[in-house]
2 protein chains.
Amino acid sequence: MDRFVSTFTNKIDAKGRVSVPAPFRAVLERDGYAGGIYCYPSLDAPALDAGGERLAQKIDGLLAGLPDYSDERDELSVALYGDVQVIAIDGDGRIVLPQSLRGHAGLQSEVTFVGLGDKFQMWAPERFDERRRVAREKVQEHRKLLGRQPPRSDGGDGESE
Amino acid sequence: MDRFVSTFTNKIDAKGRVSVPAPFRAVLERDGYAGGIYCYPSLDAPALDAGGERLAQKIDGLLAGLPDYSDERDELSVALYGDVQVIAIDGDGRIVLPQSLRGHAGLQSEVTFVGLGDKFQMWAPERFDERRRVAREKVQEHRKLLGRQPPRSDGGDGESE
DNA sequence: TGGAATTTTATGGGCGTCAATGGATTGTTA
DNA sequence: TAACAATCCATTGACGCCCATAAAATTCCA
């Protein structure tokens with residue numbers, strides 16, 4: 001399997017380090033790990049997007065269609081490359097997130113890693129919970145609209161920890 | 001890695017010196033560093049463009065495509081070569097930006113280095129923040145135009161815990 | 001199948017190295 | 001000799017790298 005799946009929550013230690021979940025590291029290596037992960041603020045969420053070479057190539061692909069030295073390319077470059085940080089993974093599988101990135105995602109003491117297939121996101125756990133809660137509500141609404149009662153056996157939201 | 005990526009902000013000291021981020025210096029060396037970086041005012045932004053040999057060759061390539069003695073070539077030559085400065089990097093990895101260049105970018109006490117792949121830019125931090133904000137909005141539009149995959153209703157449903 | 005042994009992970013801390021920054025010293029030129 | 005530029009040196013703080021420990025998962029064997 002070479003996609004990022006599942007969620008994991010790890011701690012940020014006193015030096016600002018976080019362990020990248022082992023399954024994600026495995027994916028990164030199969031992806032052709034080249035010294036660091038590519039990480040940037042998510043465009044539409046208070047989170048960070050990250051990935052390996054495949055993600056980098058995707059970014060390159062976006063720019064490849066634009067002519068050199070066009071205004072458009074320069075602007076896109078700033079947004080795509082300029083925001084990207086290459087973050088090294090140390091021998092123990094940990095990364096250190098720069099302050100600028102931490103700020104965007106509101107990361108403090110813990111990080112929730114969320115697999116999204118060809119990339120993964122990093123969230124502050126509280127914010128991710130909130131987002132997931134909203135997402136589930138929307139799913140419920142959809143079901144009602146479809147006329148099917150969701151099998152609510154009891155109040156169990158599955159939030160067993 | 002042989003591309004400029006990430007952003008770094010360094011200080012200008014009393015003598016006008018700034019450290020070029022170490023990762024960028026590494027790229028320059030692999031690029032065939034020849035005594036100095038090529039630096040000129042960005043054509044469409046209050047910033048400075050800079051790079052190594054590859055950038056120089058790219059400029060040459062642009063001009064090569066145009067017929068000799070054409071107006072277009074003359075204009076481009078002036079625009080591209082005219083303001084280029086070759087700036088030496090001292091033993092400690094620092095450069096001194098001439099007043100003319102500092103003025104164009106409005107550089108005062110700090111410089112934000114922005115990796116753009118084949119080249120990098122130098123910005124006054126405040127101005128860069130503004131530019132990035134605008135650029136990110138444009139990227140949003142691009143994503144829509146490019147028809148991204150339908151928004152995932154839930155980032156991580158597979159709770160493996 | 002159960003339980004012990006072993007391996008993998010997450011996390012904490014120590015330490016050496018390097019990069020960024022400031023200052024001093026030497027060299028150069030008008 | 002004054003002003004400026006280039007080179008060298010010193011400090012400090014961050015980061016990379018190593019090891020230690022504990023918990024969890026996996027393997028192995030009876």
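Naming: A, B, ... by sequence-line order, numbering from 1 per chain.
Looking at residues two or more places apart in sequence or on another chain, you find no side-chain hydrogen bond (donor to acceptor under 3.5 Å, both in side chains) involving A:Q99. Scanning for ring pair (Phe, Tyr, Trp, His ring centres under 6.0 Å) contacts around A:Y40 gives an empty result, with sequence neighbours left out. Under the side-chain hydrogen bond (donor to acceptor under 3.5 Å, both in side chains) criterion, B:R102 pairs with no residue at all, not counting sequence neighbours. Not counting sequence neighbours, B:R25 has no partner by the side-chain hydrogen bond (donor to acceptor under 3.5 Å, both in side chains) test. In terms of the salt bridge (charged side-chain N to carboxylate O under 4.0 Å, His left out) criterion, B:R127 has no residue partners (sequence neighbours excluded).
By the 4.0 Å N-to-carboxylate-O rule, A:K144 lies too far from A:E141 to be salt-bridged with it. Under the 4.0 Å criterion applied to side-chain N and carboxylate O atoms, B:R54 and B:D31 are assigned as salt-bridge partners. In this structure, B:K119 pairs ionically with B:D49, as a charged nitrogen and a carboxylate oxygen lie closer than 4.0 Å.
For DNA chain D, the contact window with chain B, defined by any atom under 4.0 Å from a protein heavy atom, covers D:dA6 to D:dC9 in 5' to 3' order.
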Enumerate, atom names and distances included, each donor-acceptor pair closer than 3.5 Å involving a side-chain atom of residues 82-98 of chain B, sequence neighbours excluded.
unit_1	atom_1	unit_2	atom_2	d
B:D90	OD1	B:D92	N	2.8
B:D90	OD1	B:G93	N	3.0
B:D90	OD1	B:R94	N	2.9
B:D92	OD2	B:R94	NH2	3.3

Could you tabulate the donor-acceptor pairs under 3.5 Å formed by side-chain atoms of residues 105-114 of chain B, not counting sequence neighbours?
unit_1	atom_1	unit_2	atom_2	d
B:T112	OG1	B:T9	OG1	3.0

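Looking at heavy atoms from C-beta onward, A:R133 lies out of side-chain contact with A:D129 at the 4.5 angstrom threshold. When side chains are defined from C-beta on, B:P21 does not count as touching B:F120, because their heavy atoms never get closer than 4.5 Å.
C:dG12 atom C1' lies 12 Å from atom CG of A:D90, rounded to whole Å. Taking atom CD1 on A:I95 and atom C1' on C:dT11, their separation rounds to 15 Å, with Å as the unit.
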Tabulated below should be each protein N or O lying under 3.5 Å from an N or O of nucleotides 19-21 of chain C; please produce it.
unit_1	atom_1	unit_2	atom_2	d
C:dA20	OP1	B:A22	N	3.2
C:dA20	OP2	B:R25	NH1	3.0
C:dT21	OP1	B:K11	N	3.2
C:dT21	OP2	B:K11	N	3.4

What pairs of nitrogen or oxygen atoms, one from the protein and one from nucleotides 24-30 of chain C, lie under 3.5 Å apart?
unit_1	atom_1	unit_2	atom_2	d
C:dA24	N6	B:K15	NZ	2.3

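Minimum interatomic distance between B:Y38 and B:G52 (heavy atoms only, all atoms of both residues): CD1-O, 3.6 Å.
Distance check, rounded to the nearest 0.5 Å: CG of A:L48 to CE of A:M122 gives 5.0 Å. Atoms CZ and OG, on B:F24 and B:S19 in that order, are 13.0 Å from each other to the nearest 0.5 Å.
Of all the residues in residues 108-117 of chain B, not one reaches under 4.0 Å from DNA chain C with any non-hydrogen atom.
Comparing the end axes of the helix from C:dT1-D:dA30 to C:dA30-D:dT1, each fitted to five base pairs by superposing C1' atoms of four pairs onto the next four, gives an inter-axis angle of 30° (nearest 10 degrees).
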